[in-house]
Amino acid sequence: MKSRPIPPVGELRAFAPPAFERHRLRNGLDVVLVHKTGLPVVDVQLVLRGGARIDSPELAGRASLTAELLDEGTLHHSALEISDRIEFLGADFDLRVGWDASFLTLHGLVPRLGPMLDLLTEVMLEPAFPAEEFQRKHEERLHSLLQERAEPRLVAVKAVSRAVFGEQHMYGWPLAGTTTTMRRVDRPSVTDYYARGFAPDQAHLVLVGQINADQVLRELDQRLGGWAVESAAPPPLAELPIGQRTIYLIDKPGAAQSEVRIGHVGPPRQARDYFPLLVLNTVLGGSFKSRLNMILREEKGFTYGASSAFSFRRAGGLFSGGAAVFTDNTAETVSILAHEIARASQDGVSGEELERARRYLALGFVRTLETTSDLAAHLAELVLFDLEETYLQTYAQRIARVTRDQVAQAAQIHLKPAELAIVVVGDRARVLDPLQRLEWGTLVEWEAE
Amino acid sequence: MRIDLPHTRCTLPNGLQVIVHEDHAVPIVAINLWYRVGSKDERPGRTGFAHLFEHLMFEGSANVPAGQFDELLESAGGVNNGSTGTDRTNYWETLPAGALELALFLESDRMGSLAAAMSQEKLDAQRDVVKNERRQSYENRPYGLAFEKIHTELYPPDHPYHWPIIGWMADLDAATLVDVNAFFNAYYTPTNASLCVAGDVQTDHVLELAQRYFAPIAPAPAPPPLRVTPTHLPTHRLLTLEDDVQLPRLYFMWHSPAIFTEGDAELDVLGMALSQGKSARLYRSLVYELGIAQDVEAFQASALLGSTFNVVVTARPQTDLAQLAARVRHELQRAATQLEQHEVQRAVNRFETSFVDSLQTVGGFSGRADRLNHYAYYLNDPGAADRDLERYRRLDPDGVAQAARQHVIDAAAVLLSVVPRGQAGRAPREAW
C-alpha cells in the first residue's frame, strides 16, 4: 500500500459533563441527582461513610460480612424472598465495603425504580441478621477464603498490604478478612458494626438516570426521610508505618509463573499533588505504553502485562504494582521493578511522556462520562472525598496544566524506593537462589495468609 | 420497550462491509472491526495461532512504526484492545470523536500492510507474551485447565472446537513467519471483515473516510469454507483432573444448539433460571439449603458451529462428589418436568436489564459497535438487537423445559471432576 501521512487529531468538541442537583432530606441525608437521557437505565448508590477503616484489625472482614448480610433477611421478608424480588425486578444489587465507605448499589430499569427504592430502604433500615443466615454466610466466607489460598494473584495482593502496613494497621488486613479474624466475628459483633457503620448523617444517596427529580425526591423522603440514627465518632487509624526494603517469598511449588508485587505507603486522596500523581502513574504503570508494561511485556516478553496504581483513601493509601512473570524471569523482574521506582523517584518523567500521559487522561476523560454507572461512580467519589462541585467540569483542565516539575516533585515525595516491599508468590525451589543473589534488601519467607 | 439501533450499512467494492451508527450524547467514537476468523480456522499443529496473530496486529504496519500504534492512540485519549474467539477476531478503539480519522488510518494500515512490516523479532516477542498469557490465565490459575480438557473430550480431534483458543504450548513454539504471512493473506482481507463506527459522527463523513482509507486495499478471494462434520457425544464421559485447588469442582458439559438456532435462547434462560440468585433451583438446593456446594453456575455458551450447555458446581471441602452430582441431576430432571412461569420470567427480566445495560456504551468489547458487528456476522442483520431480545421475551416455561429434556436430560455429557492433588479417588464413577 502506498505511504500516507498520519492524520491529525481534531479538537475535542465542547462538552459539559452532566449537571447534578444536591438536596437534603428532612433527616439531613445528602441526595445527589443526575437526570440522564438515553436508555431507561437507572443507578442508585447509597454511600455510607465508614467502611472497613472503622473496623478493628482483630475483626477484619466483619464490615464486609455486615454489608453482605443486609439483604439476607429483614423484619418483613426472608433472604429467599428478597433475592427473588431483586431478580424479578431484573435488578443488580451490589453490597460492597471499601476502606472509607460501604456502597449499596442498585442498578436496573427506570420503570422499576419505585420497587427498587422500596427494597433498598427495607434492607438498609430493617435488616434482621437472622441467626441461620449469619451462620450460612459466615461459613461461605470461610470457604471462600480457603479457596482464595489457591489463587496466587490474590495471595500476592493480600501479602503486599500485609507487608506494607503490618498487623497493627487496619490496611494490613484484607477487606474480606482472614480465616483467623473471621472465626472471631460472631452475630453480635455484626449487629454492633451495623449500628456504628450505617447512619444517615454519614450517608449520601446518588441517583443517576432518566428520572423526574421532584418525584424522586418525594419518594426518597417518604422512604428514607424518617431514618434517624446518629453515628458514633470513628476510631482513629493507627499511624502509617515506615517500611524498609524487604522481599517476602511465598512458596507455590511447581508454579508456572511467579506473581511479583511491589508496594509502599501512598498519599491520601486529598493530597495536593493528586493530579501530578495521576500523570506520574500513567507514565509509570497506568497505561499500555507505561514504562513497566513496555519493559516487562514488550521488550522482555516476561509477562502478559505489568501495571501500577495508587489506591487513594481518606487517610493515607497504598502504592502498588507488579506482574505475573515466567518463573525463570522472577529475579530480573524484581530488580527491574525496584530500579524503575528508584529512577522515576529521582528523575520524574520526560517531556514526551508528560505530554502523552496528560493527553491520555485529559482527552480520555470524556470516555468515563457515558453510562449511568460511570456517572454514579464519579459522584460517589466526589461526595465521599468532599471534592469541589466543579470537579467533573475542571478535571481535564487540571490534568492539562500539570507540569514536568510538579510530576518530578510528586515522584520524589511519594515514590519511596527505600521503603519498597516486594512480594513473590512462586516456586521457591527455582526462585530462592536468584532472589538471594540480587542482594536487594532482606529476604523473608512467608506462608500464604 | 423496543431496542432500535439505527444504522447505515454498505459494502465497498473490495468487499469490506461498513456499518455506521450515530449517537451524539457524548463526544466519543467507537471503531470496531470483526474479521471472520478464529481458532476454528486453525489446523492441528498450529493451535493458538489466530490469537497469536491478533497480538501481532498491534506491532506496527507499513506506515506505522513499531510501538506507534498504542502511542498514537493514547496520545489521542483513546483506549483499544482486541480479542480472539473460536469464531471471530475483533479489534476496537474508543476515542474522543476528533480522533476518528486516526483510528481508521491505523485500522486500514494494518489491514492493508501488516505483512510488509512483520519480522522474526516481533513474532518471537509476542510469542513470549502469549506463552505468559497462557501461564497466567490458564496454567497458574486454579481450575484454569478445566475447559480445555473437557473440549478435547467433547469434540473429536479434527473438530475446530477440539483445541483451546489460547493453543497448546508446543504449537505456539512451532509458529513461523511463513504461517504469519499465509494467515494474513488468507483471512485478513477486506472481503473477510466488517467495520463498524458508532458514536458522535456524521454518517456521510464516516463513509467518505472509510472509502478513502479502506477502498485502496486490494480485494481477495474469500477464505476456503470450513468443512465440519456434525458431532455428537454417544455416551457419557468421565474425566478427572488433579489441580492446586482447595475445593473440588464438577463440570458438566453437553453439546447444545448453535447460536441463534432453535433452543439457544431456551437454554440460555434455563441456565439463568437454575443458578442466578438464591432462589434459583440449583443454587437454592445445593448452596442455600444443603450447604454441600460453595457456588454453582449454569449457562449456555453460544457458538457458530454448535454451543455447549454447562453446569459448574464448586463443592465444599468434605462434600461427597457422587452425591453432589446426583443432586445436580435431580434438580435438572425436576426443572425439565415442571418449570414455573415465575422462574422463567425472573430470568428474562434479569437478562433484559443486562441486555439494555450493555447498550449504554458505544465502544469496548460489548458496546453498540460490537453488537452491530455481532448481529451482522451471525444473522447478516446488524440491527437485530430487538429481534434477539424478542427471542427471550416470547419464551414460555414449556419451551424451556422441553429444551432441557431434549438437550440435557436425554443427551450425554462430559463430567470433569477437578480435585485437590492426591484426591483423584473422590471423583464420581458415573456421570449421570
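In what follows, chains are A, B, ... by sequence order, proteins preceding strands, each numbered from 1.
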Under 3.5 Å donor-acceptor, B:Glu74 side chain and A:Phe288 backbone: yes

Contact leader toward chain B among A:Ser83, A:Pro7, A:Pro111, A:Ala256, where contacts are heavy-atom pairs under 4.5 Å: A:Pro7

Nearest non-hydrogen partners of B:Pro317 and A:Leu146, listed with the distance: CG-CD2, 3.9 Å

Residue A:Ser144 versus chain B: region with a heavy atom under 4.5 Å: both

Which of A:Leu296, A:Asp92, A:Leu89 touches chain B most, by non-hydrogen pairs under 4.5 Å: A:Asp92

Portion of A:Glu132 that has a non-hydrogen atom of chain B nearer than 4.5 angstrom: neither

Backbone N/O of A:Phe302 and side chain of B:Asn132: donor-acceptor pair under 3.5 Å: yes

Donor-acceptor pair, side chain of B:Asn349 and main chain of A:Phe88, under 3.5 angstrom: yes

Within 6.0 angstrom of A:Glu11 CD, more than 12 heavy atoms from elsewhere: no

A:Ala91 portion near chain B, given a 4.5 angstrom heavy-atom threshold: backbone

Contact winner vs chain A - B:Glu101, B:His342, B:Met272, heavy-atom pairs under 4.5 Å: B:His342

Heavy-atom pair of closest approach, residues A:Thr371 and B:Thr361: CG2-CB, 4.1 Å

Under 4.5 Å from any heavy atom of chain B - which part of A:Glu299: neither

Residues B:Arg346, A:Glu87: salt bridge by 4.0 Å N-O rule: no

Top of B:Arg141, B:Glu59, B:Gln294 for chain A proximity - count of heavy-atom pairs under 4.5 angstrom: B:Gln294

Residue, of A:Gly364, A:Gly301, A:Ala324, that accumulates the most heavy atom pairs under 4.5 Å with chain B: A:Gly301

Part of B:Arg421 within contact of chain A (heavy atom distance under 4.5 Å): neither

Under 4.5 Å from a heavy atom of chain B, the part of A:Thr372 involved: both

Within-4.5 Å side-chain heavy-atom neighbours: B:Thr314 and A:His143: no

A:Val366 versus chain B, the contacting section by heavy-atom distance below 4.5 Å: both

Distance-minimising heavy-atom pair for A:Ala79 and B:Tyr288: CB-OH, 3.9 Å

Proximal component of B:Tyr138, with respect to chain A [non-hydrogen, under 4.5 Å]: neither

Where B:Gly77 and A:Arg367 come nearest, the two heavy atoms and their spacing: O-NE, 3.0 Å

Worked check of side-chain contact (heavy atoms from CB on, under 4.5 Å) between A:Tyr360 and B:Leu73: CA-CA 8 Å; A:Tyr360 179 65; B:Leu73 288 171; over 6 Å; no

Side-chain heavy-atom pair B:Thr353, A:Arg112 within 4.5 angstrom cut-off: yes

Electrostatic pair B:Lys278-A:Glu133, nearest N-O below 4.0 angstrom: no

Side chains of A:Glu352 and B:Glu71 in contact at under 4.5 Å (non-hydrogen atoms): no

Between A:Arg356, A:Lys252, A:His107, A:Glu139, the one whose heavy-atom pairs under 4.5 Å with chain B are most numerous: A:Arg356

Residue from B:Leu102, B:Asp109, B:Asn63 passing side chain to side chain contact (heavy atoms under 4.5 Å, CB included) with A:Ile6: B:Leu102

Exam field: side chain A:Lys289 to backbone B:Leu72, donor-acceptor pair closer than 3.5 Å: no

Lys NZ or Arg CZ of A:Arg4 over B:Phe105 ring: under 6.0 Å, within 45°: no

Chain B interface, residue from A:Gln257, A:Lys36, A:Arg359, A:Arg136 that has the most non-hydrogen pairs under 4.5 Å: A:Gln257

Stepwise side-chain contact (heavy atoms from CB on, under 4.5 Å) check, B:Tyr143 with A:Gln147: CA-CA 11 Å; B:Tyr143 317 105; A:Gln147 200 177 9; 3.5 Å; yes

Interface moiety of A:Leu12 toward chain B, non-hydrogen atoms closer than 4.5 Å: side chain

Under-4.0 Å salt bridge between A:Arg297 and B:Asp128: no

For B:Asp357 against A:Val41, the heavy-atom pair lying closest together: OD1-CG1, 3.6 Å

Check: A:Arg149 main-chain N/O paired with B:Gln246 side-chain donor or acceptor under 3.5 Å: no

Distance, nearest 0.5 Å, that separates CD of B:Glu343 from CG of A:Asp84: 9.0 Å

